[in-house]
Participant: 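Would you mind keeping the following structure in view while I ask a few things?
Order of the sequence lines sets the chain letters (A, B, ...), proteins ahead of strands, with each chain counted from 1. Please read these numbers as outputs of a predicted model, since none were measured by experiment. Just so it is clear, the values below take in all heavy atoms, side chains as well, and ignore hydrogens, waters and symmetry mates.
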Number of protein chains: 2
Amino acid sequence: MLHNYAMQSVRAERRRWIERLLSDDSIRNQHDLLSRLQSEGIQSTQATLSRDLADLGVVKGSNGWRLPDQAVNAPMDLAPAVRAYMLHVEVGGTLVVLRTRTGHATPLAVELDRTRLDGSLGTIAGDDTIFLAAKSSAVARGLARRLQGMLQGDRPRRFVRR
Amino acid sequence: MLHNYAMQSVRAERRRWIERLLSDDSIRNQHDLLSRLQSEGIQSTQATLSRDLADLGVVKGSNGWRLPDQAVNAPMDLAPAVRAYMLHVEVGGTLVVLRTRTGHATPLAVELDRTRLDGSLGTIAGDDTIFLAAKSSAVARGLARRLQGMLQGDRPRRFVRR
DNA sequence: CATAATTATGCAACATTATGCAGTGGAGTC
DNA sequence: GACTCCACTGCATAATGTTGCATAATTATG
């Protein structure tokens with residue numbers, strides 16, 4: 001084997017990269033992960049990754065591997081969640097602002113995060129408000145339009161007010 | 001052995017250096033520490049360091065060793081915090097969006113706040129997401145680049161995608 | 001069911017850390 | 001000064017931790 005002079009931190013760093021890669025990309029198998037790590041300059045083997053993943057508590061989801069805290073909730077479509085929780089949506093610059101009823105912001109934000117909306121950088125939820133950061137103001141407008149569209153899904157249009 | 005004429009202070013001085021080195025550098029193992037001490041003019045052996053570290057209550061963290069008080073409430077550099085917590089960073093307009101694993105957003109945001117990043121107006125942390133408001137979109141891009149750079153830490157690296 | 005793909009693991013090699021033991025010299029005592 | 005006591009250290013080595021290789025076990029696919 002390679003026998004690095006500093007196993008401890010090599011291991012720690014490798015695992016940090018594993019967490020990073022798993023949350024970014026959709027890694028399909030350990031061989032994929034190995035390749036991605038190598039392209040980051042981290043040398044390893046499948047056997048070691050197998051052990052790392054076990055230690056990190058990573059589980060295989062339908063869409064690749066997921067870190068434990070991301071793997072918890074059951075998959076739910078975004079549209080039903082939006083219909084259930086979102087009151088309305090507006091845009092300001094690169095920020096999409098969603099309003100919900102009090103206490104409903106977090107569950108909706110969770111759903112927004114899980115659905116990896118294209119161009120969405122992330123969300124922060126308060127009590128009845130969600131800020132969704134978009135890559136650009138054009139993307140923000142597009143996302144808002146899509147979210148707005150979900151509201152009308154199977155409901156009469158006139159219900160969307162304000 | 002060498003037997004200095006004043007053991008007491010030799011020991012005390014060595015331990016002072018150990019504390020200093022551990023809080024500055026990221027020491028990866030006792031052999032590293034030994035080398036660093038030698039380059040400071042302190043002669044010792046791995047066995048002695050092993051005992052010193054045990055006496056000092058030093059613990060092995062994910063990022064090397066940490067002194068006991070540093071292990072808890074961390075007067076920690078930004079870069080180590082970024083390497084430990086940040087999964088990735090992106091920009092949308094004047095907003096820098098950082099992602100962490102669930103529950104890690106707040107500690108990283110605290111660190112970001114403590115480091116008075118130039119052009120940073122403030123941060124808001126959710127559960128796994130931080131919004132950092134920048135003075136301008138140019139500043140935002142610059143900050144993101146700096147943060148991204150911290151990920152590469154001590155390894156010579158090529159490029160950063162995304 | 002057969003075969004391929006993917007993941008897990010026994011084992012040996014190496015790395016890192018801990019410790020039994022004996023030697024040394026400073027401090028205290030007379 | 002001579003003696004004793006003992007904290008401290010280095011040496012040698014034990015104990016523990018990590019990894020790659022080879023391959024077994026498991027899971028997916030036709």
Participant: Are V97(B) and H88(B) close enough that some pair of their side-chain heavy atoms sits under 4.5 Å apart?
Facilitator: no
Participant: Taking only side-chain N and O atoms of T45(B), does any of them lie within less than 4.0 angstrom of OP1 or OP2 on dC11(D)?
Facilitator: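 Looking at the OP1 and OP2 atoms of dC11(D), neither is under 4.0 Å from any side-chain N or O of T45(B).
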Participant: How about T100(A) and D128(A): does a side-chain donor come under 3.5 Å of a side-chain acceptor?
Facilitator: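 No - no donor-acceptor pair under 3.5 Å links their side chains.
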Participant: Decide whether V58(A) and L21(A) are clustered together by the hydrophobic rule: side chain heavy atoms of Ile, Leu, Val, Met, Phe, Trp, Tyr closer than 4.5 Å, transitively.
Facilitator: yes
Participant: Would you indicate whether the side-chain heavy atoms of L33(B) and L53(B) approach each other to under 4.5 Å?
Facilitator: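 Side chain of L53(B) against side chain of L33(B), heavy atoms only: contact under 4.5 Å found.
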Participant: To the nearest 0.5 Å, tell me how far E13(A) CD sits from R28(B) CZ.
Facilitator: 7.0 Å
Participant: Nearest-Å distance, CG (D52(A)) to P (dG17(D))?
Facilitator: 16 Å
Participant: For a quick check, with a 4.0 angstrom heavy-atom cut-off, what is the B/S/- contact string for nucleotides 3-9 of chain C, read 5' to 3'?
Facilitator: ---SBBB
Participant: Any heavy-atom pair between the side chains of E40(B) and R36(B) that's under 4.5 Å?
Facilitator: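 In short, these two side chains touch, coming nearer than 4.5 Å.
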Participant: Could you tell me how far apart R11(B) (CZ) and dC6(D) (P) are, to the nearest whole angstrom?
Facilitator: 17 Å
Participant: CD of E13(B) versus P of dC8(D): gap in Å, rounded?
Facilitator: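 Rounded to whole Å, this separation is 16 Å.
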